[in-house]
Amino acid sequence: MPTHPPTSSDEYLFGWDATPGIVSVWADREGRALVWRRSGDQVRCERARFRPWLFAASLDDLAHLGPRLAAAETPAAAHALITYRELEGPPDSYRFLLEASSGRALERALLFGAHQRLGRSIASLYDLDDYYRVGAVEQYLMQSGRVYFRAMAYTELHRMQIDFETTALDPQRGRIFMAAVRDTQGLALTLDAPSPADEAALIADLCALVRSRDPDVIENHNLFGFDLPFLEARAARLGVQLNLGRAPGPRLLERYSDMPASYYSGRRRERFTVAGRELIDTMDAVRRHDFVARDLPSHRLKDVARVFGIASPERVYLAGAEVYATYRQNPALVRHYALDDVAEVDGLSRQLLGAPFALAGMAPRRYERVSSAGPAMGILEPMLVRAYLRAGAALPRQQQQRGLPPHSGGALYLFATGVAEQVVKADIASLYPSLMRLYQIGPACDRLGALLQIVERLTDLRLQHKDAVRAAPPGSALAHTHHALQAAMKLIINSAYGYMGAGEMALFADRNAADEVTRRGREVLDHVVAALRARGMALIEGDTDGVYFAAPRGWAEAQERALVAEVAATLPAGIRLEYEGRYRAMLSHEVKNYALLTYDGQLIVRGVALRSSRAEPFGVRFLHEALRCTMAGDTLGLRAAYERIAAAIRTRELPAAELATRVRISKPPEAYLAARSAHKEAAYEALLAAGRTTWQPGERVRCYKAQDGGYVWLPDEREEAIREEAGDDEAEGFDDILQLDDQPPLPAAAADDRRDYDVEHYLQVLVTSYAGRVRKAFAPEDFAQLFRPGLQLGLFDQPIDQIEPHWIRCAE
DNA sequence: AACGGACGGGG
DNA sequence: GTGTACGTCCGTT
């Protein structure tokens with residue numbers, strides 16, 4: 001592979017080969033690649049060759065090859081098994097690029113040599129940090145400079161959504177009874193298997209449908225976590241082959257583990273892959289979206305679809321446990337439901353996969369990998385490796401940096417607790433990348449300066465795409481494309497700093513550089529804080545790149561904005577302080593724990609201290625009211641809210657469900673019974689008291705403390721009413737019997753009628769767990785008076801309407 | 001307060 | 001084997 005003179009930063013970003021329309025790549029370690037390219041409705045597969053390669057720190061492990069190892073581009077290279085290229089770089093780097101016509105032969109030779117050198121057998125090259133290697137597809141893409149989707153729009157992709165309805169969550173206990181299939185070319189149908197005998201045919205039909213519709217992409221929500229593992233298990237049990245691959249590649253769906261066990265003993269995610277088609281799990285996209293936006297109540301398909309406004313008004317909702325029972329009564333309804341599911345997945349894909357699509361046009365990885373990868377190790381690092389490979393430069397090798405002090409973080413200040421009005425939030429846009437740019441802080445080991453060039457070029461391009469979004473017709477495909485591109489670029493830009501601070505597994509990590517960025521960041525925030533203080537603002541809290549402060553009462557928004565602009569003007573060029581928003585009031589409790597009241601009356605609560613993890617419904621209701629009253633300075637209202645809820649508890653007006661807490665239990669029955677005498681826990685006691693002797697760890701238990709000191713279980717009717725059906729449908733030949741497991745029947749009294757809770761206990765909880773969240777807003781004696789049971793004033797009390805919260809205000 | 005383990009999500 | 005790492009919350013010391 002020839003090396004190239006200085007590469008342009010556009011090559012760093014986009015590769016260099018102009019081949020358009022690549023929708024999938026499959027490669028093996030023997031240097032064979034299949035490249036599927038789309039042009040309109042046509043997909044053609046081209047065969048390509050590449051020379052398998054990897055980076056090595058030395059040639060020691062290849063000495064045993066003798067003349068079968070030769071320097072590239074020498075006469076001896078013609079007869080060599082493995083060729084090497086010595087790269088420009090420091091001695092402790094990956095200074096050799098090894099190439100062979102067979103990647104497997106290359107690895108075998110290295111493993112043999114390492115075995116001899118170390119005197120122990122080596123399972124995998126990944127166990128040796130003497131080598132840096134990527135997968136075959138990545139080798140091909142990095143070497144060729146190709147990327148996916150060149151000159152393609154997202155709408156040109158042929159996508160198919162597949163969703164299974166099953167009789168249970170566990171493929172050992174249940175089976176597939178329906179598949180809903182939809183594609184971007186207008187298909188929408190369900191395949192049914194009303195009887196267990198039909199399941200094998202359903203699976204085979206589905207595979208045939210995939211092959212005939214021939215999509216580039218297969219999508220679903222939790223595809224890797226549920227549908228594919230379930231499908232695989234059922235197909236194996238029924239002896240059906242999963243022929244989902246695209247000709248002329250291998251046909252079968254393949255499973256692999258997300259990472260080698262030797263590197264990480266934690267949870268390994270199962271993944272699947274198939275030749276010629278990209279498998280996309282929209283849940284990955286949802287996670288990535290929520291990581292930035294933090295606006296999702298959950299990651300469930302139905303919840304997310306509602307938030308994004310893609311749930312149709314006629315959408316059918318069924319509780320998971322009821323789907324199969326419903327199907328037997330009303331199959332049409334379940335077909336409707338399942339088709340709604342795949343329609344929502346399509347909607348989610350259109351909304352969320354644009355950015356990964358754009359990233360796949362930059363990073364040398366498969367679209368399906370890019371869409372689930374983290375931006376740093378998953379995107380940025382492959383781009384850097386491609387740049388070094390292209391330039392013929394040695395990759396840096398992380399020296400073990402043991403015993404370093406932990407990497408220092410951003411500034412974090414709590415200036416005041418209490419209640420503020422006229423609150424302004426100002427923050428510095430893209431602080432860390434801006435600092436990297438401004439002060440040219442990149443990893444010292446990045447001799448090409450590629451990371452900084454990538455950040456700089458991306459920052460410029462991103463602004464261009466943001467402009468292009470504004471210039472394009474709103475809602476148009478063009479606007480969408482530019483939006484996706486700028487979002488993708490933002491993701492990479494923001495990951496650059498984190499990448500430098502990443503541990504030793506990041507090739508280009510540089511703790512000192514990361515520390516330098518945070519140090520400069522603290523400097524900038526300190527400057528902003530000082531400038532605000534000098535202008536008489538009342539500071540509340542500051543965190544890394546943003547600050548909350550109270551402006552003088554009665555200021556108009558324009559005045560606030562002018563002040564922020566004035567402070568912004570004192571910062572170095574390239575560092576932009578922005579006016580982010582204003583709030584009617586703020587309750588400052590602890591750092592990162594506060595409540596905000598917007599000018600249109602919305603309550604925003606941030607931080608764990610202001611959320612109760614156990615969250616008894618009555619407490620949450622009260623807390624929200626208490627926060628509103630406190631922020632309004634309405635102590636009478638606060639006292640009234642407290643008295644109202646305390647009275648409702650005392651008179652048992654509240655149903656027990658309002659006082660119940662919901663916990664997830666973790667111990668199996670034996671474990672709890674063993675520990676029980678030492679330490680009783682409410683949830684288990686409640687189950688035992690209800691006569692239950694078995695339960696599953698992970699079950700959610702809703703329970704409350706009763707007047708008699710015991711605990712009472714409140715089953716969730718919906719979750720418990722229908723238990724999963726028994727699994728052995730093949731042996732029995734039918735599966736139409738709903739089996740309740742060996743639980744006793746539910747108590748006859750409906751749960752919401754129960755009132756036998758421990759009044760004193762819950763009055764205590766009300767004060768300590770919930771009223772306590774506004775404690776910081778009051779002087780101790782005022783707080784004690786506000787939440788004292790009974791109505792009589794104490795000797796030294798002042799009238800409640802004269803109690804004031806602790807105000808955070810500008811000096812007059 | 002610090003640490004380790006489990007969950008999410010899917011029917 | 002088509003490949004390198006999740007945050008967050010909960011329960012326990």
Side-chain angles (χ1 to χ4, degrees), chain A residues 24-29 32-34 103-104 107 124-126 129 132-141 163-171 173-178 220-230 249-250 254-260 262-269 271 273-275 281-284 286-288 290-291 294 298-304 318-327 334 337-338 341 365-366 368-369 372-374 376-378 381-382 502-507 608 611 613-614 663-667 675 679 681 697-698 700 722 724-725:
Chain A
S24 197
V25 178
W26 190 260
D28 65 24
R29 296 214 178 282
R32 292 180 291 243
L34 297 171
R104 284 189 192 283
E107 286 160 29
S124 156
L125 283 188
Y126 287 112
D129 61 3
Y132 184 87
R133 175 173 69 142
V134 300
V137 172
E138 276 128 354
Q139 289 180 39
Y140 171 70
L141 292 172
D163 183 46
F164 295 123
E165 304 305 325
T166 65
T167 61
L169 283 170
D170 176 356
R173 311 224 303 155
R175 63 179 183 87
I176 299 170
F177 68 89
M178 183 184 289
N220 196 24
H221 203 65
N222 207 12
L223 181 70
F224 294 121
F226 179 72
D227 295 83
L228 290 181
F230 201 104
E254 293 176 14
R255 175 157 56 122
Y256 62 98
S257 206
D258 208 21
M259 61 201 98
S262 54
Y263 276 85
Y264 185 61
S265 53
R267 236 168 64 97
R268 302 162 65 174
R269 197 177 162 192
R271 294 194 56 104
T273 190
V274 69
D281 191 335
T282 48
M283 192 130 74
D284 288 325
V286 164
R287 284 201 194 102
R288 178 182 282 177
D290 199 36
F291 181 75
R294 297 181 183 283
S298 87
H299 295 170
R300 291 187 186 93
L301 176 63
K302 280 84 171 167
D303 294 345
V304 178
L318 294 173
E322 286 157 20
V323 171
Y324 183 52
T326 309
Y327 176 71
V334 175
Y337 165 82
D341 270 6
R365 305 192 79 187
R366 290 187 67 172
E368 66 177 23
R369 298 293 314 171
S372 63
M377 297 298 284
E381 185 161 288
E504 53 201 48
M505 51 294 232
L507 267 182
V608 282
R611 297 168 179 275
S613 59
R614 295 152 39 90
V663 295
R664 189 179 288 275
I665 54 178
S666 54
K667 295 175 192 146
H679 182 56
E681 291 179 58
R700 278 182 206 282
I722 299 179
E724 287 178 9
E725 69 183 286

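Each chain gets a letter, A, B and so on, in the order the sequences are listed, and its residues count up from 1. All values below were derived from every heavy atom in this structure, side-chain atoms included, with hydrogens, water molecules and symmetry-related copies excluded.
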*Identify whether any heavy atom of A:Asp303 sits under 4.0 Å from a base atom; if not, whether one sits that close to sugar-phosphate; answer base, sugar-phosphate or nothing.*
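Counting heavy atoms under 4.0 Å across all strands, no contact is made by A:Asp303.
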_Just the rounded figure in Å: distance from C1' of B:dG9 to CZ of A:Phe224._
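So the CZ-C1' distance, A:Phe224 to B:dG9, works out to 14 Å.
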*In whole angstrom, what separates A:Phe226's CZ from B:dG9's C1'?*
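It is 10 Å, rounded to the nearest whole Å.
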*Taking 4.0 angstrom as the limit, do A:Arg287 and A:Asp284 come out as a salt bridge?*
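Looking at A:Asp284 together with A:Arg287, the answer is yes, because their closest N to O distance falls below 4.0 Å.
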*Give A:Phe164 one of three labels, base, sugar-phosphate or nothing, depending on what nucleic acid heavy atoms sit under 4.0 Å from its own.*
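Result for A:Phe164 = sugar-phosphate.
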*Whole-Å distance between B:dG10 C1' and A:Met283 CE?*
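To the nearest whole Å, that distance equals 7 Å.
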*When the distance from CG of A:Leu507 to P of C:dA5 is rounded to whole Å, what number comes out?*
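From A:Leu507 CG to C:dA5 P: 12 Å.
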*Between A:Glu138 and A:Arg369, is there a side-chain N and carboxylate O pair less than 4.0 Å apart?*
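The answer is no: the pair does not qualify as a salt bridge.
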_What's A:Arg29 touching, base or sugar-phosphate or nothing? Going by heavy atoms closer than 4.0 Å._
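Base contact - A:Arg29 has a heavy atom under 4.0 Å of at least one base atom.
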_Counting the atoms with a prime plus P, OP1 and OP2 as sugar-phosphate, which does A:Arg365 contact under 4.0 Å by heavy atoms, base, sugar-phosphate, or nothing?_
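Contact class for A:Arg365: sugar-phosphate only.
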*asked:* What's A:Val137 touching, base or sugar-phosphate or nothing? Going by heavy atoms closer than 4.0 Å.
replied: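 Touches a base.
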*When rounded to the nearest Å, what value does the distance between C1' atoms of C:dG7 and B:dG9 take?*
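My reading of the C1' atoms in C:dG7 and B:dG9 gives 15 Å.
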_Separation of atom CG in A:Leu169 from atom C1' in B:dG9, rounded to whole Å_ =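 In whole Å, B:dG9 C1' and A:Leu169 CG are 9 Å from each other.
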*Would you classify A:Leu318 as touching base, sugar-phosphate or nothing, given that sugar-phosphate means primed atoms plus P, OP1 and OP2, and contacts are heavy atoms under 4.0 Å?*
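If one applies the 4.0 Å heavy-atom cut-off, A:Leu318 turns out to touch nothing in the nucleic acid.
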_Distance alone, cut at 3.5 Å: any donor-acceptor contact between the side chains of A:His299 and A:Asp290?_
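A donor-acceptor contact under 3.5 Å links the two side chains.
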*State plainly whether the residues A:Arg104 and A:Asp28 are in salt-bridge range, i.e. N to O under 4.0 Å.*
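Between A:Asp28 and A:Arg104 there is no salt bridge, as every charged N stays at least 4.0 Å from the carboxylate O atoms.
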*With respect to the phosphate group of C:dT4, does any side-chain polar atom (N or O) of A:Arg369 fall under 4.0 Å of OP1 or OP2?*
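For C:dT4, OP1/OP2 do have a side-chain N/O of A:Arg369 under 4.0 Å.
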*Send over the distance from A:His299 NE2 to C:dC9 C1', rounded to a whole Å.*
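One finds 14 Å between C1' of C:dC9 and NE2 of A:His299, rounded.
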*Have a look at A:Glu138 and say if it touches a base, only the backbone sugar-phosphate, or nothing, with a 4.0 Å heavy-atom cut-off.*
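Sugar-phosphate contact only - A:Glu138 comes under 4.0 Å of backbone atoms but never of a base.
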*May I ask you to say what A:Asn220 touches in the nucleic acid, namely base, sugar-phosphate or nothing, with a heavy-atom cut-off under 4.0 Å?*
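Touches nothing.
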*Counter-base of B:dG9, judged by Watson-Crick or G-U geometry with both distances under 3.5 Å*: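 Answer to the pairing question: none, since B:dG9 forms no Watson-Crick or G-U pair.
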_Listed nucleotide nearest any side-chain atom of A:Ser124, set C:dG1, B:dG10, B:dG11_ =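 Comparing C:dG1, B:dG10, B:dG11 against the side chain of A:Ser124, the answer is C:dG1.
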*Hey, are A:Arg271 and A:Glu368 close enough for a salt bridge, meaning a charged N less than 4.0 Å from a carboxylate O?*
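Salt bridge between A:Arg271 and A:Glu368, a charged N being under 4.0 Å from a carboxylate O: no.
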*Can you check the A:Met377 CE to C:dG7 P distance for me, whole Å?*
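Distance, rounded to whole Å: 13 Å.
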*Round to the nearest Å and state the distance from A:Asp227 atom CG to B:dG11 atom P.*
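Nearest whole value for this atom pair: 7 Å.
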